[in-house]
Amino acid sequence: MKKAFNKISRLFVLCFIGCFIILNDSCGLDTILTLDAPRRHHTVDDCAATEAAQVAESYFTFSSAVSLNGTGTLLGVDLYYRIYTSKSECQTQKSNLESLANNNSTSYTSYDSMISKGYKALRCTGLRDEPLIRDSAEYYLRLVTDGTFTDESNGFYACLRKTTDVISVADRENHIPLRNLATNYQKQFSFDFGSNVSGEAGVKVKIPVSGDADTNYYSFTEPNTYYVAVFAVAVAKDESFVRYYSPIEYLGSVKIVSATD
């Protein structure tokens, strides 16, 4: 009887140890996947400045080259934006998000906090990828065209491109940044609601209004004036296809005075 009890006891211990090892492996305790944030280079921050940036300086550049630590696949970089009618609200929310991203204990929750504040993924004509950017390079982003769109001497047109690319007038329609309002690509709205450009390269213009999903519609700091804040985030997936997000990187904000006619 005693021998039988000892055999059962040993069997129980062995089973317990085996289950412990299996559970440890299955829970992925040894697998940690982290990735660096994209890095901004040139920035403009109209919501924090006393005067809006000059047209020639009103753009962002950033690097989509990031490092991945752990077993997984880097998918690329996505851009997120939100439109504000209140300059102080834009400043407060972007400062809160920056604080989260720059704190080691909260940096990897900054993406979820950004989404909870209503930020939407920026899209672009000619690009339907998600994430938007799939390669490692330095990128240039300008949200608003200044001047006549068809003027070949105009270097200040709305565009998302690699900094090494030269985009012709004919090809601009494939690089226009878009608001994320539509459920399909038949309804595309640019950020050029300030320049009153009608039907630019077939893209529609829509002035932000209360109820737009991408707009924080509050009392206006200045009549017909909007502030667009932009963040970048790197995206990866693990072997189980679970998505991971880097700390977010604030690219800056631009001021847009809307058309009124």
Side-chain angles (χ1 to χ4, degrees), residues 37-62 77-103 106-107 110-124 132 139-146 156-160 177-181 189-196 205-233 247-260:
R39 285 290 172 260
R40 71 186 181 202
H41 298 303
H42 177 86
T43 186
V44 54
D45 200 5
D46 285 346
C47 80
T50 55
E51 293 185 8
Q54 297 296 313
V55 170
E57 296 298 315
S58 190
Y59 66 91
F60 316 116
T61 60
F62 61 95
V77 168
D78 241 336
L79 304 178
Y80 284 82
Y81 75 96
R82 188 143 183 84
I83 301 172
Y84 295 85
T85 59
S86 167
K87 181 177 182 178
S88 61
E89 187 72 7
C90 179
Q91 167 73 349
T92 297
Q93 289 200 6
K94 73 94 176 177
S95 294
N96 289 342
L97 290 171
E98 272 196 297
S99 295
L100 290 173
N102 293 331
N103 187 316
T106 60
S107 60
S110 59
Y111 171 80
D112 291 330
S113 296
M114 176 183 69
I115 296 302
S116 72
K117 293 183 183 299
Y119 276 74
K120 300 298 180 183
L122 184 144
R123 293 294 153 224
C124 185
L132 185 64
Y139 273 82
Y140 168 100
L141 173 65
R142 179 183 287 274
L143 294 181
V144 177
T145 295
D146 185 81
F156 308 131
Y157 54 88
C159 187
L160 174 65
L178 299 174
R179 297 174 61 188
N180 193 339
L181 286 178
F189 299 100
S190 76
F191 291 88
D192 266 321
F193 52 81
S195 60
N196 200 24
V205 176
K206 182 183 187 302
I207 296 175
V209 297
S210 178
D212 283 355
D214 64 351
T215 302
N216 184 311
Y217 204 90
Y218 200 62
S219 57
F220 280 91
T221 301
E222 302 173 61
N224 305 314
T225 301
Y226 300 83
Y227 295 86
V228 185
V230 184
F231 286 85
V233 63
I248 58 177
E249 175 78 353
Y250 182 59
L251 298 186
S253 63
V254 294
K255 175 180 177 179
I256 304 174
V257 180
S258 74
T260 56

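Computed from a prediction, not measured in an experiment: that's the story for all the values here. Counting from 1, the numbers follow the sequence of the chain as shown.
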Considering all heavy atoms, the nearest Y81-Y119 contact: C-CD2, 3.3 Å

Pair T85-Y226, side-chain contact (heavy atoms from CB on, under 4.5 Å): steps then yes or no: CA-CA 5 Å; T85 59; Y226 300 83; 3.7 Å; yes

Nearest non-hydrogen partners of L100 and S113, listed with the distance: CD1-OG, 3.4 Å

Partner set under salt bridge (Lys or Arg N to Asp or Glu O under 4.0 Å) for D212, not counting sequence neighbours: R179, K206

Identify each donor-acceptor pair in which a side-chain atom of residues 247-254 lies under 3.5 Å from a protein atom, sequence neighbours left out, and give them as a table.
residue: E249; atom: OE2; partner: R40; partner atom: N; Å: 3.4
residue: Y250; atom: OH; partner: D45; partner atom: OD1; Å: 2.6
residue: Y250; atom: OH; partner: S253; partner atom: OG; Å: 3.4
residue: S253; atom: OG; partner: D45; partner atom: OD1; Å: 2.8
residue: S253; atom: OG; partner: D46; partner atom: N; Å: 3.1
residue: S253; atom: OG; partner: C47; partner atom: N; Å: 3.0

Aromatic plane relationship, Y139 with F62 - under 30° parallel, 30 to 60° tilted, over 60° perpendicular: parallel

Taking every non-hydrogen atom, the tightest pair across P177 and C159: CD-N, 3.5 Å

Non-hydrogen side-chain atoms of Y157 and R142 separated by less than 4.5 Å: no

Inter-residue atom distance K117.NZ - F231.CZ, 0.5 Å rounding: 9.5 Å

Side-chain (H42) to main-chain (E57) donor-acceptor, under 3.5 angstrom: yes

Over 12 non-hydrogen atoms of neighbours within 6.0 angstrom of OH in Y218: no

Steps toward side-chain contact (heavy atoms from CB on, under 4.5 Å) verdict (I115, Y80): CA-CA 9 Å; I115 296 302; Y80 284 82; 3.6 Å; yes

Distance (rounded to the nearest 0.5 Å) between L160 CG and L143 CG: 9.5 Å

Stepwise side-chain contact (heavy atoms from CB on, under 4.5 Å) check, D214 with L181: CA-CA 7 Å; D214 64 351; L181 286 178; 3.6 Å; yes

Heavy-atom closest contact (S95 atom, Q91 atom, distance): OG-O, 2.8 Å

Closest contact, heavy atoms only, F189 versus V205: CD2-C, 4.2 Å

Atom pair CD1 (I207) and CD1 (I256), whose distance is rounded to the nearest 0.5 Å: 11.0 Å

Spacing of CG belonging to L97 relative to CG belonging to N102, to within rounding of 0.5 Å: 10.5 Å

Side-chain heavy atoms of L178 within contact of C124, under 4.5 Å: no

Qualifying salt bridge (Lys or Arg N to Asp or Glu O under 4.0 Å) pairs, either residue in residues 77-93, two or more places apart: D78-R123

Closest contact, heavy atoms only, F60 versus V230: CE1-CG2, 3.9 Å

